[in-house]
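First the structure, in the form of structure tokens, and then the observations on it.
Note that ligands are numbered from 1 as they come in the structure, with each ligand's atoms numbered from 1 the same way.
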Amino acid sequence: MKAIILRRPRCLELTDIPLPRLTEEHHVLVKVAACGICGSDLRYYAGENPWALHTLGRHIPNPPDMILGHELSGVVVQVNSARYEHLLGQRVGVQAFRTCGRCALCLSGHENLCRETLHIGHAQGWRDMPFYPGGYAEYCLAWADLLHPMAPHVAFEAEAMRDILGVGVHAVGRADLPAGGTALCIGGGPAGLSIAQVALARGAAHVLVSDPSPLARQIIGRHPGLAAVDPTQESLAAALRRVAGQAECHAVFDTVGSAATFEEALPLLAAAGTYVNLAVQSLSAPLDMQAIGSERRITTSSNAFYRDEREAHRLIETGAVDVVSMITHRLPLERYAEAFDLLLAGSREAYKVVFQMDEPT
Ligand SMILES: [Zn+2]
Ligand SMILES: [Zn+2]
């Protein structure tokens, strides 16, 4: 099959490799129909390991020959047990992670932080393999019990956005965002926009999304109920006053994670509000402890729970969110270099790029 291999940092190659082998009863083979390029894929490309940084809090080197891509959907074309034969031909979203279910974190309801997680789209959790499974390929290994069967009206590219939307569901779950409350998203990339849409779907009255990029604000502006803010023209406090009537909010979702965003936005939290940092970095920022009085909280958000994935799937299926509006480019696998260039160059036109394969038959 054709697959894009990350040979080593900054070296992608489209090549022919053997089909993934189904070695466990619950393994299935999915013919990939759509696979999004996530911001974290750009970091793997550069030699970082964002999963390890966000989940374990430290860097772990990546092995060579990973197939990137964890935002994927497709059709089940092979199963490894009669138990799963009913899945053959089914259009599915692929859940890209499988946790161990046995460790203290899994057993205490923190499976998103499981250190034994197996991950599709990078090498986490797999034994030594010639090629690590991922979605930038014609076919991808998946788990029969972690598929999201798609309703006929849902497009493959929409279901492929479930992974990033699941990150949004998890982030909103980290905050006590009351119905009728106000949410402020700092950073309006696909993660920030996913969070904003989930906050709105959960009943927030005002959702502001701040991003200096005109393209991001243009895409955010297409969503009724979201207020796009240009932080180069307006302070966050002024934007909150303009949109919500007062300079405070119940939740801040920070996908930028700089000292400057922290300093500007923390004082805007209402009593009992939550500051959720989704871009944890090694940096120091001054903290006046009084700023977290009245039960204000500062926390982080990593990955997603299984139930977050199911909720993201439902939100897409019911049309409660619009994820297709994020996609600015659809390219075949062969144009991988162009796809990465579009995103790495900080292009003014590229927001979400999706590899689109021939419709599986
Ligand atoms: Zn991702
Ligand atoms: Zn575990």
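Under the 30°/60° scheme for interplanar angles, the aromatic rings of W51 and H122 are found to be tilted.
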ask   = After noting the C-alpha distance and the side-chain angles of K2 and D16, does the key distance pass the salt bridge (Lys or Arg N to Asp or Glu O under 4.0 Å) rule?
value = CA-CA 5 Å; K2 277 186 293 188; D16 257 304; over 6 Å; no

ask   = Between R162 and E159, does a salt bridge (Lys or Arg N to Asp or Glu O under 4.0 Å) hold up when you go through it step by step?
value = CA-CA 5 Å; R162 191 207 64 260; E159 182 66 32; 3.0 Å; yes

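Two residues are said to be in side-chain contact when any heavy atoms from C-beta on lie closer than 4.5 Å; L141 and L22 meet this criterion. Side-chain contact between H27 and R21: absent, with no pair of heavy atoms (C-beta onward) separated by less than 4.5 Å.
Distances from the Zn ion (ligand 1) to each N, O or S atom of H70 single out NE2 as the nearest.
Around the Zn ion (ligand 2), the protein contributes the following N, O or S atoms at distances under 2.8 Å: C100 SG, C103 SG, C106 SG, C114 SG.
Applying the salt bridge (charged side-chain N to carboxylate O under 4.0 Å, His left out) test to every pair with at least one member in residues 240-255, sequence neighbours left out, gives these pairs: E234-R242.
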